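Remarks on the structure that follows.
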Amino acid sequence: MNVYNKSPNHQITKSPNSLHLHVARWVVPVSRPPIENGAIATFEGKIVGVGPASELRPSYPAVIKDHGDSILCPALINTHSHLELSPLKWRLSPSGSFVDWVRALIEARDLIRPEEWEPAICQAIKEMQENGIIAVGDVGNLDVIPLFSSRKDATWPFRGVFFQELVCPIPNGAEEEIPEPLDILGSSFHYAFSAHAPYSVAPQVLKAIKAWDQSHGMPFPIHVAESEEEIEFLQGGQGPLRELLKEKGHWPLNYDLPKASPVRYLEILGLLDRHTVCIHCVQVDRDDISILAKTGACVCLCPRSNVFLGVGVAPVEELHASGIPLALGTDSLASNDQLSIFAEMASLSKLAPGLPPEAIFRAGTYGGAMALGISEELGCLAKGKAATFLAVESGPIGNKDVLEFLVHEGCRGLGDLVIG
Ligand SMILES: [Zn+2]
């Protein structure tokens, strides 16, 4: 068993591989209700049993690790981040206009000096680790993160996927030729493509990206219905987004805009299925929610980024009530001051008080693992999954408070990332 402490030096205690039994006041598997006085049996990096300690103790003559009044739960999944934007922390302020923020972001990103990336990315990685995040769906336009994560001298701690994001409002004839993927990521950090948004990628390019991801068994993420400006533009080709495209030399377009909502547009293009991850979905109506539910598409909520940009609040209770799978993302430090899924959970709970804490915690764990296609290994505590989980000190608390505690105070009690 290795125990990675949260201390700044990340002390690591190693002992030989063998059968271990982790017992604690609570085990929250996510795939089933919380277990009081629970236990997780691990062997050679895999979970081999989860249940009440009284049942597992006789079955597993193992080395016992007693976590006391803690909650053992799955490590967190950040389904949507942009690590390459980490140097922009505190550099952009919300202006009240989404398009003004996009304009400021493009300018600020172009001014990042090469030497700024490494310290900012290292700090961002450390912050995510200290907040219990084990996997990311990271999006970037540059090669910074693939190169960084595959460096021999760097320790890349995350599973998940790097998505090379394409922005292509006007196709140039080579639209069906997705660039050659970089073959430099490790076996547990995959590479795929994402589309920026329905307003910034031409329809034939959207289809080509989805086709590439589909043929490689990868999820297809896209920012969807983030702002009112996006709705205005797709409905009638007007508003601040049209001005921005003009400024950047992407106007006029050589295709018709859909005169439909972003969600309806993606449905018409045949891009929505259970492997599509719709990021944000703030500006969605009842029809959009029906479409998302019918197609099985996942919605990745980024509540703190939405609040920062003032774009509104996603109708989370309605999305959940319709059975749409939910995941959680921090987005980047250009629209957030923290890279913490615990902070996103607490924020979501305040913004959507009707959403049960079970659903919120599921979004930050299993929902994210499903969205990124890594649920065979991560996202819940069950037989066959990776023996990597969080120990959150809670003190003695009752059954109805366990998930409330994780959602509201999980970060405060977060101790070790346990690797059994
Ligand atoms: Zn984003």
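All values reported here derive from a predicted model rather than from experimental measurement. Just follow the structure's listing: the first ligand is 1, and inside any ligand the first atom is 1.
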- Query: Around the Zn ion (ligand 1), how many protein N, O or S atoms are closer than 2.8 Å?
  - Reply: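 Excluding waters, the total comes to 4.
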- Query: Side chains of Asp288 and Ser261: do they bring a donor and an acceptor to under 3.5 Å?
  - Reply: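 There is such a pair (donor and acceptor under 3.5 Å, judged by atom type) between the side chains of Asp288 and Ser261.
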- Under the ring-ring contact (aromatic ring centres under 6.0 Å, His included) test, residues paired with Phe233 that sit two or more places apart: Trp251
- Counterpart residues, side chain to side chain contact (heavy atoms under 4.5 Å, CB included), relative to His196 (two or more places apart): Glu165, Val167, Tyr199, Ser200, Val201, His223
- Does a side-chain N-to-carboxylate-O contact under 4.0 Å join Glu377 and Lys385?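 Looking at Glu377 and Lys385, the cut-off is not met.
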- Message: Check Arg103 with Glu229, please: is the shortest side-chain N to carboxylate O separation under 4.0 Å?
- Response: no
- Can you tell me which residue pairs pass the side-chain hydrogen bond (donor to acceptor under 3.5 Å, both in side chains) test with a partner in residues 232-242, sequence neighbours excluded? none
